[in-house]
Amino acid sequence: MAEIKLHNTKIRGEQLFTPIDPDNVRIYLCGPTVYDRAHLGNARNVIMFDVLFRLLRHEYGAGHVTYVRNFTDVDDKINARAAESGRSIAEITAETSQWYLDDMAALGTLEPTHMPRATAYIPQMVEMIADLIARGHAYAAEGHVLFSVESYKEYGALSGRSVDDMIAGARVEVAPYKRNPMDFVLWKPSSDDLPGWDSPWGRGRPGWHIECSAMSFALLGASFDIHGGGNDLMFPHHENEIAQSCCAHPEGDFAQVWMHNEMLQVEGKKMSKSLGNFFTVRDLLEQGVPGEVIRFVFLSTHYRKPMDWTEKKAAEAEAVLRKWRGMVAGVEASDVPAAVLASVANDLNTAGAIAELHRLATAGEAPALKAGAALLGLLGEDLGGWDRVAVDLSDYVTRFNETRAKAMENKDFSGVDAMKQALIAAGVEVRMSKAGVELVPGPGFDAAKLEAL
RNA sequence: GGCGAGUUGGCGGAGUGGUGACGCAGCGGAUUGCAAAUCCGUGUACAGGAGUUCGAUUCUCCUACUCGCCUCCA
């Protein structure tokens, strides 16, 4: 059994991971709000959690880990998208959810055990909100229900802020019905043209944070092991989740470990919708960047460090994966090598694990390479195929061999060189040896350019 | 202003209180008709300052810079 160490935002440091129940290790990842394609940054924590999921399954058994990732399918961004496109909300969320699943599958991520949709948990949210009011942690005002941050003395602990400090530098709009400017919405009224559900406070819809509290409680209980997301969710989203969950269920203590990944950057800037400098996972896939390459690039940087997406990294990753795939083809995986496991168990040090894979590759230990890569979700069947171009070059091999044989006799290699140049120009790797010629379609293979031969 | 993360060689990127990974690129060699691929070998780094220590890139403090959060955002 490997010793798993994880960085816990709650204590600002690493700690040994000890599950509440080794027979049922429970983890929760904040999933997407489904109104558009997932951008590349969205993939980072999904891949991070996928590695975590694989590690925990390896250690505790595949049947002993429960992974929940929600779909937030009620949100004002979705409403806005529906209004501007004239399409129905249901249509948008269904389509976007499927896109998300397709894109994440293309990156080799395993599906979570549960993928609850917020709209299927409205009664649980209403119940939790009513409970919070009953316990004096929330109040109804003008059709809204607000969480009273003053009622929870730990508010701000995760992100290291105090309510007073936040008010001092506040940029939040202060609604007149708020008792404290930092109070946040649990429930808000819906006009007739907006989605809404009946509730004790009138027809309305949930605020942003309550869905995660309600769904994690329903599926994982009042206490569970690990909760995660991007570090931009630390405040306010996770802070508010903690407040809601801990106040509604004081018998539990919500997530034991909080894991937050750093942001992905593009040209030194965070990729974000408001900056408009984002591109989607699908964009890259359509440009021909294999999902496995995207995954490899992500895993090359530790999750708690900023990572820049660059084409150069993608090209390097592709070259490495081609080489490794060539090595492990037809090879039976061994047990996961201890050094790889130790790296991954060390706060998901995937970059360190990849370094170990390089060592194994150099040493020619293909079975271990395959097993270690599998722990990272690499070199598997699911992500394969992209490195092999389905093209029959045997005619060219024959012609090349004939031309070369003549050249060997008369010492005039001009014909061979011309042919070689043409093949290289078409993206074919030409390997000549005494035994003969091998032609391998490479990254830039272009069948059209072969026509000229 | 408050809170947090980062700063390692040409590039990417781990790790460690004491002989400075690894990958890519570069250079030299083997191989080749020439190449490619492969193999062997090889150079350069720990933002700055102070402190703790026999010794710090690694621990502590300060400074600088970069990035993020504090508003929808992973």
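Note that the structure is a prediction, hence the values are computed from the model and not measured. No hydrogens, no waters, no symmetry mates; every other heavy atom, side chains included, goes into these values.
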Closer than 4.0 Å, any side-chain N/O of [X] to the OP1 or OP2 of [N]?
{"X": "Asn45(A)", "N": "A74(B)", "result": "no"}
{"X": "Asn231(A)", "N": "G4(B)", "result": "no"}
{"X": "Lys313(A)", "N": "G13(B)", "result": "yes"}

What's [X] touching, base or sugar-phosphate or nothing? Going by heavy atoms closer than 4.0 Å.
{"X": "Arg161(A)", "answer": "base"}
{"X": "Val46(A)", "answer": "nothing"}
{"X": "Gly160(A)", "answer": "sugar-phosphate"}
{"X": "Thr301(A)", "answer": "sugar-phosphate"}
{"X": "His302(A)", "answer": "sugar-phosphate"}
{"X": "Arg304(A)", "answer": "sugar-phosphate"}
{"X": "Met263(A)", "answer": "base"}
{"X": "Leu29(A)", "answer": "nothing"}
{"X": "Phe235(A)", "answer": "sugar-phosphate"}
{"X": "Lys420(A)", "answer": "base"}

Lys305(A) side chain: which of A5(B), C24(B), A14(B) is closest? A14(B)

Picking from C34(B), A74(B), A36(B), which would you name as closest to the side chain of Arg431(A)? A36(B)

Separation of Asp75(A) atom CG from U71(B) atom C1', in whole Å?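 Atom-to-atom, Asp75(A) to U71(B), this comes out as 14 Å.
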
Spacing between Met307(A) atom CE and G68(B) atom P, to the nearest angstrom: 15 Å

Under 3.5 Å, is there any donor-acceptor pair linking the side chain of [X] to the base of [N]?
{"X": "His39(A)", "N": "A74(B)", "result": "yes"}
{"X": "Lys312(A)", "N": "C24(B)", "result": "no"}
{"X": "Asp417(A)", "N": "G33(B)", "result": "yes"}

Pairwise 5' ranking along RNA chain B for His209(A) and Val320(A), keeping only the more 5' one: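 Between the two, 5'-proximity favours Val320(A).
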
Comparing nearest nucleotides in RNA chain B, the 5'-proximal residue of the pair Arg44(A), Val430(A) is Val430(A)

No-hydrogen, no-angle side-chain donor-acceptor test under 3.5 Å, Asp308(A) and Thr310(A): no

Inspect the contact between Asp102(A) and Arg282(A) and indicate whether a charged nitrogen and a carboxylate oxygen are less than 4.0 angstrom apart. no

Please name the nucleotide paired to U66(B) by Watson-Crick or G-U wobble geometry with both distances under 3.5 Å, or report none.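 A5(B) - that is the nucleotide pairing with U66(B), both distances being under 3.5 Å.
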
Is A36(B) paired to anything, Watson-Crick or G-U wobble with both distances less than 3.5 Å, and if yes, which nucleotide? none

Does the side chain of Met115(A) reach to within under 4.5 Å of the side chain of Leu101(A), using non-hydrogen atoms? yes

